[in-house]
Amino acid sequence: MALRVVTRALGSLSLTPRIAAVPGPSLLPAAQVTNNVLLQLPSASMLLPSRPLLTSVALSAKFVSWKSRTKYTTMPVKMRKSGGRNHTGRIQVHGIGGGHKQRYRMIDFLRFRPEQESKPGPFEEKVIVVRYDPCRSADIALVAGGNRKRWIIATENMKAGDTILNSDHIGRMAVAAREGDAHPLGALPVGTLINNVESEPGRGAQYIRAAGAGDVHSHSGPSLQR
Amino acid sequence: MALASGPARRVLARPWGLGLEGCGVPRRGAYEWGVRSTRKPEPPPLDRVYEIPGLEPITFAGKMHFMPGLARPVFPPWDPGWTHPKFRRLPPLQEHPLYKDEVCYIFHQRCRLLEGVKQALWLTKTKLIEGLPEKVLSLADNPRNHIENQDERVLNVISHARLWHSTEDIPKRETYCPVIVDSLIQLCKSQILKHPSLARRICAQKNMLSTTWKRESTLIQVHGSSGAQLNAKDPLPPIASREEVEATKNHVLETFSPISPTISLQECHIYDVNDDTGFREGYPYPCPHTLYLLESANLRAHRFQPDQLRAKMILFAFGNALAQARLLYGNDPKVLEQPVVVQSVGTDGRVFQFLVLQLNTTDLASEEGIKNLVWVDSDQLLYQHFWCLPVIKKKVVVEPVGPTGFQPETFRKFLALYLHGAV
């Protein structure tokens with residue numbers, strides 16, 4: 001759009017002023033035909049008065065994010081690295097770039113995501129394989145439950161063949177927590193090591209996701225989450 | 001609500017912002033896949049005058065150009081009358097004549113079952129027996145059935161497929177796998193002189209099989225072509241006796257909760273329930289005898305694991321047997337007095353899996369009752385490795401060109417499966 005403004009502005013310039021069209025012989029006999037008077041060429045010092053013109057335009061960045069897939073899949077997806085560049089194309093964070101090519105495995109951070117809305121209760125899943133993920137420091141585990149498979153962040157001692165429980169239920173007694181299970185914080189006893197924590201139920205895990213990370217569940221009593 | 005727009009509207013919509021009840025709904029939901037900038041932009045909203053019923057808005061449609069102050073006209077969608085083949089869209093799924101509300105889980109030739117053989121056994125209500133039946137093994141060991149110079153001829157077949165038939169230095173698996181299977185079948189066919197009833201067989205390829213059955217209220221379908229198939233004029237005799245068949249009543253199929261038995265199958269609403277053996281009526285060789293499944297992809301990641309290959313063999317053999325049984329005895333679910341037997345051989349050019357399936361019952365909806373039987377002989381190497389180029393260390397040939405670790409037992413079993421039913 002800026003380019004169009006520039007070309008339009010530049011197109012209106014000319015070295016010689018345009019000659020007004022010669023009025024044709026009018027029907028009224030009393031009209032006098034006047035000749036056009038050619039104006040003198042303006043000297044270089046006397047420029048035509050005109051609005052300020054834009055003679056340069058910034059190149060817009062053609063940045064399209066690689067994150068275009070809307071459907072979840074367990075197959076690895078091709079990704080484009082940013083190199084520290086933002087959507088304008090300039091470096092925003094220095095020191096990022098290079099490294100081995102990576103494919104992104106779509107991780108499901110919302111652990112309690114029942115397969116069908118019609119069956120809302122806690123459910124179990126089985127760990128199929130635990131493998132290395134090039135995009136993060138933690139390993140990932142392929143878990144299968146019902147008719148679907150998904151990737152989740154694997155905990156330290158998770159291995160193929162384990163069964164993990166995903167629950168949103170808070171009972172009167174604290175749950176005897178096993179490694180790999182997902183419970184609301186209110187259901188866990190004080191002092192359990194937790195990771196992949198979400199700030200509100202249904203948001204998805206955003207905290208304590210890296211390898212070696214693990215926080216101690218410290219506050220007891222009625223918690224803010226449901 | 002209608003007065004606000006954009007972020008202001010969203011603020012008013014959120015119940016907890018005004019101190020009302022809404023603590024079950026998170027402020028922001030879990031991450032939704034697909035960045036907003038790559039999604040298609042929404043169409044611009046209609047002008048407010050369209051919300052007033054009964055009023056005809058004054059638009060700039062007649063003026064043929066935009067006019068500030070007049071409403072944006074809403075044009076009827078233009079139907080050009082034809083579509084370019086490049087941009088043709090499929091009609092919505094519900095309008096397809098074969099669309100059904102009930103979902104069907106289809107097994108096709110690229111389905112890799114997560115639980116492998118266990119899942120295939122549950123889907124086909126089958127009991128597994130390790131090792132081939134004695135009848136077939138006795139055919140293998142009987143020296144009268146052997147071809148003359150059998151080992152030498154098989155070694156020649158391997159060298160031909162892996163080295164000689166192609167001009168490349170090291171032929172790829174996509175070339176040598178079908179060649180080795182075809183050559184082995186040709187070697188077996190040379191026994192026609194000894195056993196004339198072998199002539200009542202034909203080899204068919206690329207036939208589409210389709211069978212549907214109900215397994216505990218889920219509809220399952222096997223659909224697809226399975227490579228080469230040997231058809232015969234006479235059916236195979238049943239292998240297990242009536243007592244063994246009755247004994248399967250006590251067998252309990254393995255379940256694998258929390259995983260559903262239909263995982264890795266393709267869910268589909270558009271399917272055809274009618275059975276199709278792949279051959280028309282009046283085909284001179286109606287009975288399926290043996291299926292040959294090849295895993296000939298070059299890359300290891302594209303080939304099936306042995307467990308997944310055995311599961312695919314079980315399901316396709318079962319599909320053929322079920323279609324044949326329904327053709328002979330009707331569509332009603334019942335126990336068969338004459339069980340249908342189908343064999344299957346699966347290979348990737350070096351490792352062979354042998355399978356004999358006996359279909360005893362078509363009553364698959366219930367969990368109890370007589371089960372079908374399958375004998376599986378897995379991971380039979382024909383040869384350990386094949387050197388296409390000689391290994392030379394310090395000017396001495398350490399490994400000559402040719403196969404190493406040849407096991408003649410594997411070809412004897414292959415021959416026995418071929419001769420079964422005709423000897």
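Just so it is clear, the structure is predicted and the values come from calculations on it, not from any experiment. Heavy atoms only: backbone and side chains are in, while hydrogens, waters and symmetry mates are out.
- With a 4.5 angstrom heavy-atom cutoff, B:L265 does not touch chain A via any of its atoms.
- Looking only at side-chain heavy atoms (C-beta outward), B:E295 and B:R173 stay at 4.5 Å or farther from each other.
- Side chains of B:D379 and B:Q353: a donor-acceptor N/O pair is present below 3.5 angstrom, by distance only.
- Here the two rings, on A:W66 and A:Y104, have centers that are under 6.0 Å apart.
- Neither the backbone nor the side chain of B:E32 comes within contact range of chain A; no heavy atoms are under 4.5 Å apart.
- Only the side chain of B:Y105 comes within contact range of chain A, with heavy atoms under 4.5 Å apart.
- Per-residue heavy-atom pair counts under 4.5 Å with chain A were compared for B:P261, B:A30, B:S257, and the maximum is reached by B:A30.
- Identified by a heavy-atom distance below 4.5 Å to chain B, the contributing residues of residues 151-163 of chain A are A:T163, in residue-number order.
- When all heavy atoms are compared, the tightest approach of B:Y31 to A:K67 is OH-CD, 4.0 Å.
- The backbone N or O of B:N372 sits nowhere less than 3.5 Å from a side-chain atom of B:K125 that would complete a donor-acceptor pair.
- Ring geometry, B:F66 versus B:F60: the interplanar angle exceeds 60°, so the pair is classed perpendicular (tilted spans 30 to 60°).
- Residues from residues 72-89 of chain A that place a non-hydrogen atom less than 4.5 Å from a non-hydrogen atom of chain B comprise A:Y72, given in numerical order.
- Counting only heavy atoms from C-beta outward, the side chains of A:N196 and A:R111 never approach each other to under 4.5 Å.
- Checking side-chain atoms of B:Q308 against main-chain N and O of B:C111 turns up no donor-acceptor pair under 3.5 Å.
- Side chains of B:T211 and B:D275: a donor-acceptor N/O pair is absent below 3.5 angstrom, by distance only.
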